[in-house]
2 protein chains.
Amino acid sequence: MKKENISLKQLAKTLNLSVSTVSRALNDHPDISEATKQKVKTLATKLNYTPNLFAKGFRQKKTNIIGVVVPNITHYFTSTILKGILEEATLKGYKVIISESNNDAEKQIEMLNTMLQFNVDGILMSISKVTRKVDRILKVIDRVPVILFDKASNKIPCSQVVINEEEAAYNAIEHLINIGKTRIAIIKENEYSYNSERRFSGYLRALKEHNIEVDEKIIISVDDISLRQGKRMANLLLSLKTRPDAIFAITDSAAIGVIQTLKKFNIKIPKDIAVIGFSNSLSSTIIEPMLTTIDQPGEKIGATAVKYLIEDIENPNELTNKTIEIKGNLIIRDSTFKAY
Amino acid sequence: MKKENISLKQLAKTLNLSVSTVSRALNDHPDISEATKQKVKTLATKLNYTPNLFAKGFRQKKTNIIGVVVPNITHYFTSTILKGILEEATLKGYKVIISESNNDAEKQIEMLNTMLQFNVDGILMSISKVTRKVDRILKVIDRVPVILFDKASNKIPCSQVVINEEEAAYNAIEHLINIGKTRIAIIKENEYSYNSERRFSGYLRALKEHNIEVDEKIIISVDDISLRQGKRMANLLLSLKTRPDAIFAITDSAAIGVIQTLKKFNIKIPKDIAVIGFSNSLSSTIIEPMLTTIDQPGEKIGATAVKYLIEDIENPNELTNKTIEIKGNLIIRDSTFKAY
DNA sequence: CTGAAAGCGCTTACAG
DNA sequence: CTGAAAGCGCTTACAG
């Protein structure tokens with residue numbers, strides 16, 4: 001019912017050549033005469049021959065497939081990274097298999113193992129939040145090149161492609177200081193999270209370098225940095241004896257929740273309280289006032305990760321464990337602009 | 001350097017059995033004795049044996065890989081569909097290869113052909129806007145089961161999973177009529193687009209069934225239904241002698257652009273002009289007033305598409321060309337609520 | 001109940 | 001310059 005693919009064998013038969021010769025002709029092997037090459041190629045295009053990449057991969061122990069594991073594909077930032085991965089991979093002749101871990105450590109390992117079973121040439125992964133034990137991930141690294149992106153871990157010895165989280169956060173806080181803010185709150189993550197920790201470091205460094213005292217009361221930690229939590233934490237901050245005059249939420253959604261709450265209490269943004277988020281999500285330009293935030297170049301991260309992975313794949317004997325930082329850019333909008 | 005996978009051969013050798021027996025034992029073939037099965041399985045788990053799915057697929061002419069082609073992975077709706085696809089596919093033991101067509105007809109075909117070269121068992125695709133000639137797509141359908149989702153086409157004979165666009169739009173317009181609106185504008189797509197046409201049909205039917213005259217002046221067509229275009233078209237509608245009292249934009253982003261413009265002119269929403277979008281994007285709850293819109297259950301669409309595709313894959317002789325409609329739900333929010 | 005052999009579609013060292 | 005043969009890791013009809 002379904003049409004069959006034509007194989008080298010069939011080409012060989014109709015041309016009265018051996019399969020080997022046909023294979024070599026198609027691959028432009030120097031041994032083959034121009035005449036034969038022409039003949040073979042003509043027939044191949046005429047019959048619309050396409051090599052069975054599966055068989056080829058099987059033979060060469062190279063599948064040209066890259067496996068990708070991400071916590072959640074629907075996060076806008078993740079989807080832009082994936083776009084970059086797809087583009088760069090396609091350009092280099094690789095296909096991409098994508099899996100979601102849903103922030104579930106068990107599922108993450110399961111996905112990784114299936115990838116291995118499908119003989120992917122390499123794996124790109126953004127580790128899930130709940131990754132405590134990395135021993136099973138280390139086993140995977142033994143088998144195939146792996147590159148981590150976005151969420152890094154110093155427990156996993158492989159190259160990593162990340163945003164300059166610390167510096168970007170530093171710049172954000174410095175911007176707040178430059179517009180006259182001195183009592184800057186941060187809403188960060190509760191549990192250990194690479195991104196959150198790095199951003200928090202940047203926050204601390206900025207305060208320190210500008211001689212602003214750190215006040216634990218305005219350092220807020222929550223489990224999930226969601227819009228809902230942003231609202232709740234804004235309420236909490238407003239209830240303090242001395243309110244902050246700026247709030248840095250380490251995600252846009254929390255920042256948007258903060259803005260919504262401030263507006264409810266008729267607090268002037270940015271005059272009374274300025275707000276900064278992180279990630280330049282689509283909604284950051286829909287909220288009023290528009291949110292100052294840090295743009296994370298997702299496509300660039302994805303493309304870079306692919307480049308390094310392919311390098312590792314093609315030179316398996318000189319694996320290096322670099323950490324590549326991609327710059328995130330502060331985008332100044334109305335939630336911090338013209339503060340006074 | 002990298003560890004090798006262990007093969008059936010190695011298991012066979014250490015157990016002094018033939019490869020055939022080991023293979024059968026692992027697959028619970030009835031011919032094999034319980035004792036042997038036990039022995040084999042014990043060693044397999046001990047050595048952490050995982051079958052090479054690639055070799056298996058190669059042999060069985062079945063790869064358990066599904067190919068997916070979408071115009072743009074970063075569209076939120078698309079990413080929710082992909083989530084549904086990934087979940088359902090994983091559940092059924094399939095892997096998913098994803099490609100972007102970027103709304104480029106050439107690239108779309110190219111992707112489809114690479115999928116074929118990788119011997120995918122079936123293809124799920126959302127056709128790009130600019131798909132005029134479908135003849136090359138028809139060739140693909142000859143080779144492997146294909147299911148279309150979101151954007152359908154009656155020129156392509158295969159099953160299709162879509163939103164009940166017409167009915168959903170009808171419901172949206174009827175809702176506007178119910179809150180007292182009688183002069184309802186629509187912002188739709190210029191070029192032929194399945195979604196746009198169906199939504200427009202629903203619009204027309206609702207007006208007709210409620211005896212509201214159609215006025216061409218408030219039927220606006222644009223090339224891309226973006227936020228920017230929403231703003232421009234809102235300006236245009238406001239410049240009319242008799243303004244509409246409601247605007248149905250066939251995408252959320254256009255609707256959000258409309259709202260922003262209406263606010264700029266201090267027009268009361270929904271009292272003066274009500275606004276409805278389509279797709280329940282994340283931003284639709286960030287804009288003020290929150291946007292009434294139609295929720296498209298992306299994950300359900302994805303999961304359904306996978307189910308039908310696997311059915312086609314496993315019963316290649318009884319392919320049916322059904323069109324499955326998934327219901328979109330009208331979500332009433334402030335942009336139309338309490339209109340008077 | 002178990003094994004030897006063929007074959008899936010390719011590539012490649014070896015031979016001529 | 002071309003071909004015969006082996007082999008990638010599996011499954012499965014055939015034989016015993």
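As the structure is a prediction and not an experimental result, all values here were calculated from the model. Letters go in sequence order (proteins before strands), and every chain restarts at 1.
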* Check the distance between C:dG9's P and B:Q117's CD and give it to me in whole angstrom. => 15 Å
Show which side-chain atoms of residues 111-119 of chain A pair as donor or acceptor with protein atoms under 3.5 Å away, not counting sequence neighbours.
| residue | atom | partner | partner atom | Å |
| --- | --- | --- | --- | --- |
| A:N113 | ND2 | A:I109 | O | 3.4 |
| A:T114 | OG1 | A:E110 | O | 2.7 |
| A:Q117 | NE2 | B:P51 | O | 3.4 |

* To do: For DNA chain D, just give me the dot-bracket, please: Watson-Crick or G-U, both distances below 3.5 Å, ( ) intra-strand, [ ] crossing earlier pairs, | paired with another strand, . unpaired.
  => |||.||||||||.|||
* Of B:F58 and B:E34, whose closest DNA chain C nucleotide lies nearer the 5' terminus? -> B:E34
* Which residues in residues 43-53 of chain A have at least one heavy atom lying under 4.0 Å from any atom of DNA chain C? -> A:Y49, A:P51, A:N52
* Side-chain donor-acceptor contact under 3.5 Å, B:N72 with A:K83 -> yes
* A:K322 atom NZ, over 12 foreign heavy atoms within 6.0 Å -> yes
* To do: Could you tell me whether the side chains of A:T36 and A:S33 share a donor-acceptor contact shorter than 3.5 Å?
  => yes
* Structure fact -> B:N27 CG to D:dT12 P, in whole Å, measures 8 Å
* Is there a donor-acceptor contact under 3.5 Å linking the side chains of B:S99 and A:K95? -> yes
* Asked: If you look only at pairs with a residue in residues 67-101 of chain B, which of them pass as a ring pair (Phe, Tyr, Trp, His ring centres under 6.0 Å), with sequence neighbours excluded?
  -> none
* Take atom NZ of B:K13 and atom P of D:dG9, then tell me their distance rounded to the nearest Å. => 12 Å
* Over 12 non-hydrogen atoms of neighbours within 6.0 angstrom of NZ in A:K107 -> yes
* To do: Could you grab the distance from atom CD of B:E100 to atom OG of B:S126, nearest 0.5 Å is fine?
  => 11.5 Å
* Which part of the nucleic acid does B:S23 contact within heavy-atom distance under 4.0 Å: base, sugar-phosphate only, or nothing? -> base
* Asked: When the distance from NZ of A:K56 to P of C:dT12 is rounded to whole Å, what number comes out?
  -> 9 Å
Got a list of protein N/O to nucleotides 2-4 of chain C N/O distances below 3.5 Å?
| residue | atom | partner | partner atom | Å |
| --- | --- | --- | --- | --- |
| C:dT2 | OP1 | B:T36 | OG1 | 2.9 |
| C:dT2 | OP2 | B:S33 | N | 3.4 |
| C:dT2 | OP2 | B:T36 | OG1 | 3.0 |
| C:dG3 | OP2 | B:S18 | N | 3.1 |
| C:dG3 | OP2 | B:S18 | OG | 3.2 |
| C:dG3 | OP2 | B:T21 | OG1 | 2.6 |
| C:dG3 | N7 | B:R24 | NH2 | 2.8 |
| C:dG3 | O6 | B:R24 | NH1 | 3.3 |
| C:dG3 | O6 | B:R24 | NH2 | 2.7 |
| C:dA4 | N7 | B:S20 | OG | 3.1 |
| C:dA4 | N6 | B:S20 | OG | 3.0 |

* Length of the CZ-P vector between A:F118 and D:dC10, whole Å -> 14 Å
* **Pairs flagged by ring pair (Phe, Tyr, Trp, His ring centres under 6.0 Å) wherever residues 31-70 of chain A is involved - sequence neighbours left out** => A:F54-B:F54, A:F58-B:F58
* Considering only C:dC8, D:dC8, D:dC10, which nucleotide approaches the side chain of B:K9 most closely? -> D:dC8
* Between A:K61 and D:dG9, does any side-chain N or O lie under 4.0 Å from OP1 or OP2? -> yes
* Asked: Does OP1 or OP2 of D:dT12 have a side-chain N or O of B:Q60 closer than 4.0 Å?
  -> yes
* To do: Evaluate whether atom NZ of B:K62 has more than 12 neighbouring non-hydrogen atoms of other residues, nucleotides or ligands under 6.0 angstrom away.
  => yes
* Rounded to whole angstroms, how far apart are CG on A:N119 and P on D:dC8? -> 14 Å
* Asked: Taking the side chain from A:D121 and the backbone from A:N64, do they hold a donor-acceptor pair closer than 3.5 Å?
  -> yes
* To do: Using atom NZ of B:K62 as one end and atom P of D:dC10 as the other, report the distance to the nearest whole Å.
  => 17 Å
* To do: Might you confirm whether atom NZ of B:K41 has over 12 heavy atoms from other residues, nucleotides or ligands at distances under 6.0 Å?
  => yes
* **A:D28 CG to D:dC1 P, straight-line distance once rounded to whole Å** => 13 Å
